[in-house]
K.L.:
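Before I ask anything, here is the structure I am working with.
Just follow the structure's listing: the first ligand is 1, and inside any ligand the first atom is 1. Residue numbers start at 1 and run along the sequence shown. Bear in mind that the values here come from a model prediction, so they are computed numbers and not experimental data.
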Amino acid sequence: MFEDFNQKRHQLLEFMDKIVKYAEDNGQSQTAKDLQGYRDQLESLRYNIAIMGFMKRGKSTLINTLLGRTDDKISPIDVTICTSVISEYVDKKRDGKEMECAEIIYKNGQVKQIGLDEIKNYVTEDNNEKNVKKVHKVVIHGNFPLLNESAIFVDTPGSGTIYDYHDDLVESFLPQADAIIWLTAANNLLEKGEIKFLQLLKEKAKKNIFFVLTKYDELLEKSQDEINETIQDVEGNIAKTGINFKKLYKISAKDLYEARRNGCDDNYLERTRVKSGIAELEKDIENHIRENSNQQKILGERIKQTLEHLRNYCNAQMSLTAGHLAQFDKDKQTLEEESKKLEEETATLRKKKNDSLKEFERKWTRAVEKFARELDNKADPIVNEIDNFLDKEGIISKSLKGLALADKIGKKVQSKLQDSALNLSKELEEIANKLHEEINQDVEVYIRKAGDNDIASKAIGMGSLAFAGGATLLGGTTLANTIGGVVTAWGAYASTSALAGTAGVSTKLWAFLFGSASTTAGAATGTALGTAITATTAAIMPIIFIPAGLYLGYKILDQVTDKSLKAKIPGIVDGMIEVSKKQVTEKLAEHKEHIIKTYNDIVEELLTNKEDQLQEIIEAKEKNDPGKRQSLEEKKDRLLGLQTEIENLSSYVQD
Ligand SMILES: Nc1nc2c(ncn2[C@@H]2O[C@H](COP(=O)(O)OP(=O)(O)OP(=O)(O)O)[C@@H](O)[C@H]2O)c(=O)[nH]1
Ligand SMILES: [Mg+2]
């Protein structure tokens, strides 16, 4: 039966190696250590009784006393911080050693046998400060009547010293402790660290704890009130942690230890044993060992505990991994949904943009055509106006020659044409403005939705560049020069008024269209459109230069009679109107194309930019976690395998 059990134990041990490796592979070094502890405990088939407690609570004194020693060779006692490494006390019944001796087990696995006298050179802070000798543990083999072939005592360094590694050592030993003798001293109230340690015992679901109040002899020297206060403090704090607590042993180990050391007679020793509280504690520990240290029972209990522990561990790991997987998929899905939504929005916006541009184009063309018709219709009234003027003046007098005559005729013609030119200009402004507002609204909504300043700044950069380029191409100076070619002689006057007109109209336009533009994106698009409109205005300007043509005509006909001049006027007016119409229509058509292209580019750039960005996010996410999903899947599979093995082992062990 036991053999059978042993076989199962080996299977479980092999399995535990796998689980320790799983924890290590997943970077859970503390869990791996804990699991290794369970594994070692299962392997050793020992019943570990650990003596634990804050520094200087009398742990070593109690060990020496319980193990019947007359000196402190096996667990040195000191008034300063003393014990620095873990020591195990193994009765010779277990290993059949002839002589009492100790083994130093080094961290690198080496083992050195020494005499009991030398133990202090390895286990105390005085002789092995901060464990410079790299001792893993010391195993002491001796005559320890309280122990049997299963039960082992373990002395631990005191917690709460200046040496943090003491606490770590104690904590890492916890999983292996089957029973704990926890000590606190009666000469002071419980410290915070001691209460914390009790909570840790509760957390780790430690059972089989002997709660011991040491140095009771010192307490007995105080008033009854103080005695009561100390006991209440200790009992109250233990109870508060929720640990299953039945009894507080009140002992004076030092009394018995000193009596033995001084070689007192048996009678005295026995009386002291009882009086010091050691007899009662010893009896309970002895019973506990008898009841619990049967190897088969230890094994059965340990396998059960270990399996339970492994099951909890694997289940927790599994739900964690499943959670990570679900989150991973959810993130990916959210991104994909976002991208799809964006695609739809993009398509809608693209359609809207096309509709708006079509509408813009239609209205623009119609306005220009209407203007051209108006110019045609104005040819006769202009000729009449000039005729009347010349009739009124009678004859071209010497004083009216030159600039003065041209200026007068020019002003008359200008007043006839200016309305149409300004109306066209205004109409085009409105059409462009409407387009601007529509698109700008969409762009703003889009940018706000995307929450992306990069796009906005990109649009700003691109928009201004595009429109600035247009302005150079179609802008005031170039256009004035083109017209200037037709009206060379008018040169100085023409360019001055053209510039003045352009500046005035564009400033007004600017305020009208963009005075209230608030967002950066709006302002950017606004800037761009403003530049474009400047160009528009400049394109309409030649209308005002028509008188220049008349002046040219006058110059040519300077030598002819009043009559012959008059006869030529309709032809000159028609010709100039034709030239102006052509210039204006061509330039405005060019300009219209430019506006359309620029808007198209801006919106397209915005849309593709955002799509690209989303695509980049999706790709980067996949790139950043190469095979993340796969590794999570693998982890899940591995855990599934471990879980199945645990269930198989559980039913196998139960059989
Ligand atoms: N009065 C009195 N003093 C005791 C008793 N037990 C231990 N002491 C004294 O307390 C001091 C510390 O005892 P140790 O046994 O070295 O305590 P420890 O808990 O092992 O100390 P560390 O290993 O350093 O944590 C020593 O001076 C002991 O003599 C006791 O029952 N009564
Ligand atoms: Mg000690």
K.L.:
Do the charged groups of Glu103 and Lys137 touch, with an N to O distance under 4.0 Å?
P.N.:
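The answer is no: the pair does not qualify as a salt bridge.
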K.L.:
Heavy-atom contacts with Glu218 under 4.0 Å: which atoms of ligand 1 show up? List them by number with element.
P.N.:
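Atoms satisfying the 4.0 Å criterion: 1 (N), 2 (C).
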K.L.:
Just to be sure I'm reading this right: ignoring hydrogens, which of Arg57, Glu221, Lys215 gets closest to atom 8 (N) of ligand 1? Compare them by their nearest heavy atoms.
P.N.:
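Residue with the shortest heavy-atom distance to the ligand atom: Lys215.
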K.L.:
Measure up the Phe210 and Tyr249 rings against each other and bin them: parallel (under 30°), tilted (30 to 60°), perpendicular (over 60°).
P.N.:
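Rings of Phe210 and Tyr249: tilted, 30 to 60°.
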K.L.:
For ligand 1, which part of Thr214 has a heavy atom less than 4.0 Å away: the side chain, the backbone, both, or neither?
P.N.:
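The answer is neither; Thr214 stays 4.0 Å or more away.
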K.L.:
Looking at non-hydrogen atoms alone, which of Leu219, Thr61, Leu213, Asp217 comes nearest to atom 14 (P) of ligand 1?
P.N.:
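Result: the heavy atom closest to atom 14 (P) of ligand 1 is in Thr61.
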K.L.:
Tell me whether Ser252 has any N or O atom under 3.5 angstrom from an N or O of ligand 1.
P.N.:
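No, there is no polar N/O contact under 3.5 Å.
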K.L.:
Number the atoms of ligand 1 from 1 as they appear, then name those within less than 4.0 Å of a heavy atom of Met55, with their elements.
P.N.:
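Answer, ordered by atom number: 25 (O).
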K.L.:
Under 2.8 Å from the Mg ion (ligand 2), can any N, O or S atom of Ser75 be found?
P.N.:
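Checking the Mg ion (ligand 2) against Ser75, no N, O or S atom falls under 2.8 Å.
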K.L.:
Answer yes or no for Lys133 and Tyr122: cation-pi contact, defined as NZ/CZ to six-membered ring centre under 6.0 Å and angle to ring axis within 45°.
P.N.:
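Satisfied, under 6.0 Å and within 45°.
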K.L.:
Can you see whether Glu194 engages Thr184 through a side-chain donor-acceptor pair at a distance of less than 3.5 angstrom?
P.N.:
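Checked: Glu194/Thr184 side chains pair up, N/O donor to acceptor below 3.5 Å.
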K.L.:
Taking only heavy atoms of Ala253 into account, list the atoms of ligand 1 that are under 4.0 Å away from them.
P.N.:
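Listed by number with element: 31 (O).
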K.L.:
Side chains of Ser75 and Ser60 only: does a donor on one sit below 3.5 Å from an acceptor on the other?
P.N.:
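A pair is found: one side chain offers a donor N or O, the other an acceptor, under 3.5 Å apart.
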K.L.:
Is the shortest distance from a Lys or Arg side-chain nitrogen in Lys73 or Asp117 to a carboxylate oxygen in the other one below 4.0 Å?
P.N.:
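Looking at Lys73 and Asp117, the cut-off is met.
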K.L.:
Quick check: does Gly58 get an N/O under 3.5 Å from an N/O on ligand 1?
P.N.:
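In this structure, Gly58 places an N or O atom under 3.5 Å from an N or O of ligand 1.
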K.L.:
Looking at Glu43 and Arg39, does any basic side-chain N land under 4.0 Å from a carboxylate oxygen?
P.N.:
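So Glu43 pairs with Arg39 through a salt bridge.
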